[in-house]
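What's counted below: heavy atoms across the whole structure, side chains too, no hydrogens, waters or symmetry copies.
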Amino acid sequence: MQLALTILAFGGLASAQGAQGAGKTTRYWDCCKPSCAWPGKSTASTPVLTCDRNDNPLNDRGSTRSGCDSGGSAFMCSNQSPWAVNETVAYGWAAVNIAGSNEASWCCSCYELTFTSGPVSGKKMIVQATNTGGDLGNNHFDIAMPGGGVGIFNACTQQYGAPPNGWGERYGGVGSKSACESFPDKLKAGCNWRFDWFMGADNPDVRFRQVACPAAITAKSQCVRQRDVIDQTPTGPSTVPTWTP
């Protein structure tokens with residue numbers, strides 16, 4: 001029974017044909033409309049859900065201009081923040097670049113990351129690819145977490161009134177859990193996650209493998225790929241509560 005529950009929590013077993021290997025991580029939260037939120041980016045029938053300035057779902061099938069563009073009004077939804085499933089597993093989203101692949105292949109795909117360095121070594125996180133970036137290297141997962149730094153683009157000032165370079169440093173974000181207290185209420189839990197479950201880890205290395213997305217992730221992103229390299233049918237319950245120690 002324990003084995004079955006563990007497999008369920010991890011979103012199922014991956015096919016050997018799915019992308020896998022060694023990778024690296026960084027972190028970001030720029031509030032911009034994710035790249036995979038534009039229509040036609042993947043085999044999914046609907047793109048990643050975005051929200052308006054007040055964090056209300058747009059349900060526009062990807063047609064609204066990004067808040068990072070002049071006159072744009074589509075932003076990342078706050079509920080696409082990471083959360084702990086249990087002491088050793090977390091769910092979330094990331095900007096992704098897989099070596100030898102392209103956005104059409106990774107948009108809305110999920111990957112199980114096993115951290116191999118830093119204080120989170122041995123922990124696992126399943127992320128859905130909702131974005132990409134010109135500054136990402138090969139097998140690179142830029143994990144979305146509030147307060148992780150806006151990076152190249154910044155729509156957080158427009159959406160939430162954040163400082164001109166976002167919260168904390170433009171690259172790297174805030175440096176302590178106490179800084180999360182000044183965040184908008186909807187982003188505080190995701191900011192705290194970084195210093196609680198993620199233990200303040202600074203860009204840990206990973207081993208990764210492609211897996212079917214947990215339904216708890218796709219219920220929030222609304223993006224489900226059709227079967228391609230692996231069976232993309234979401235697994236497990238559509239609601240998974242946040243674990244607290």
Side-chain angles (χ1 to χ4, degrees), residues 24-38 48-58 64-84 90-97 103 113 118-120 125 127-137 140-204 220-221 242:
K24 66 178 182 178
T25 68
T26 47
R27 58 184 179 269
Y28 88 107
W29 187 274
D30 60 11
C31 300
C32 300
K33 175 179 181 173
S35 179
C36 300
W38 291 102
V48 173
L49 184 70
T50 58
C51 288
D52 65 17
R53 185 175 181 178
N54 296 315
D55 205 40
N56 299 308
L58 286 173
T64 305
R65 182 184 295 271
S66 172
C68 277
D69 297 332
S70 177
S73 57
F75 302 89
M76 295 173 72
C77 298
S78 67
N79 70 350
Q80 292 171 24
S81 296
W83 81 99
Y91 289 167
W93 292 264
V96 171
N97 185 5
E103 201 173 24
L113 310 180
V120 288
M125 182 177 189
V127 296
Q128 184 178 42
T130 53
N131 207 353
T132 188
D135 57 342
L136 301 185
H140 189 159
F141 298 85
D142 199 14
I143 302 172
M145 58 183 84
V150 295
I152 298 176
F153 303 105
N154 173 25
C156 295
T157 301
Q158 180 183 350
Q159 187 179 18
Y160 292 109
N165 284 319
W167 297 282
E169 300 294 325
R170 191 173 187 100
Y171 291 89
V174 299
S176 66
K177 183 176 178 178
S178 61
C180 301
E181 290 304 309
S182 65
F183 276 46
D185 286 344
K186 290 185 176 182
L187 298 182
K188 284 182 179 179
C191 183
N192 287 332
W193 172 90
R194 176 180 159 199
F195 300 99
D196 294 335
W197 188 94
F198 202 56
M199 304 174 73
D202 188 22
N203 302 341
K220 294 184 178 185
S221 71
T242 299

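Checked against side-chain hydrogen bond (donor to acceptor under 3.5 Å, both in side chains), Ser182 has no partners two or more places apart in sequence or in another chain. Applying the ring pair (Phe, Tyr, Trp, His ring centres under 6.0 Å) test to Phe141 and every residue at least two apart in sequence or in another chain returns Tyr111, Phe208. Legend: residues meeting salt bridge (Lys or Arg N to Asp or Glu O under 4.0 Å) with Lys24, ordered by chain and number and at least two apart, are absent.
Taken to the nearest 0.5 Å, the NZ atom of Lys188 stands 10.0 Å off from the SG atom of Cys191. Rounded to the nearest 0.5 Å, atoms CG (Asp30) and CG (Asn131) are 6.5 Å apart. How far CE of Met145 is from CG of Leu187: 13.5 Å, rounded to the nearest 0.5 Å. Atom-to-atom distance recorded for Thr130:OG1 and Trp93:CH2 is 8.5 Å, nearest 0.5 angstrom. Atom-to-atom distance recorded for Phe153:CZ and Cys156:SG is 13.0 Å, nearest 0.5 angstrom. Atom OH in Tyr91 sits 11.0 Å away from atom NZ in Lys220 (nearest 0.5 Å).
Nearest heavy atom pair, residue Pro146 against residue Ser81, reads CG-OG, 3.4 Å. Of all the heavy atoms in Trp29 and Gly147, the pair that sits closest is CB-N, 4.1 Å. In terms of heavy-atom proximity, Cys31 sits nearest to Ala155 at CB-C, 3.7 Å. Taking every heavy atom of both residues into account, Thr132 and Val96 meet most closely at OG1-O, 3.1 Å. The two atoms that bring Ser66 and Cys32 nearest to each other are OG-CB, 4.0 Å, heavy atoms only.
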- Take Lys177 and Asp196 through the test side chain to side chain contact (heavy atoms under 4.5 Å, CB included) and record every step on the way to the result. CA-CA 8 Å; Lys177 183 176 178 178; Asp196 294 335; 2.9 Å; yes
- Does the side chain to side chain contact (heavy atoms under 4.5 Å, CB included) test come out yes or no for Thr64 and Thr50, once each step is laid out? CA-CA 9 Å; Thr64 305; Thr50 58; 5.6 Å; no
- Query: Given Ile152 and Arg170, is the side chain to side chain contact (heavy atoms under 4.5 Å, CB included) satisfied, shown in steps?
  - Reply: CA-CA 8 Å; Ile152 298 176; Arg170 191 173 187 100; 5.9 Å; no
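Among pairs with a residue in residues 144-156, those fulfilling side chain to side chain donor-acceptor pair (under 3.5 Å) read Asn154-Thr157, at least two apart in sequence or across chains. Counting only residues at least two apart or in different chains, ring pair (Phe, Tyr, Trp, His ring centres under 6.0 Å) contacts with residues 177-201 comprise Phe115-Phe198, Trp167-Phe183, Trp193-Trp197, Trp193-Phe198.
With 3.5 Å as the limit, one finds a donor-acceptor pair spanning the side chains of Gln128 and Ser221. A side-chain N or O of Thr26 and one of Asp142 form a donor-acceptor pair less than 3.5 Å apart.
The backbone N or O of Tyr160 sits nowhere less than 3.5 Å from a side-chain atom of Arg53 that would complete a donor-acceptor pair.
Within the 4.5 Å cutoff, side-chain heavy atoms of Thr25 are placed close to those of Pro204. In this structure, Arg27 and Asp202 have side chains that are in contact, with non-hydrogen atoms separated by less than 4.5 Å.
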Output a table of donor-acceptor pairs, distance under 3.5 Å, between side-chain atoms of residues 67-80 and any protein atom two or more places apart or on a different chain; print 'none' if there are none.
from	atom 1	to	atom 2	distance (Å)
Ser78	OG	Asp55	OD2	2.5
Gln80	NE2	Leu49	O	3.0

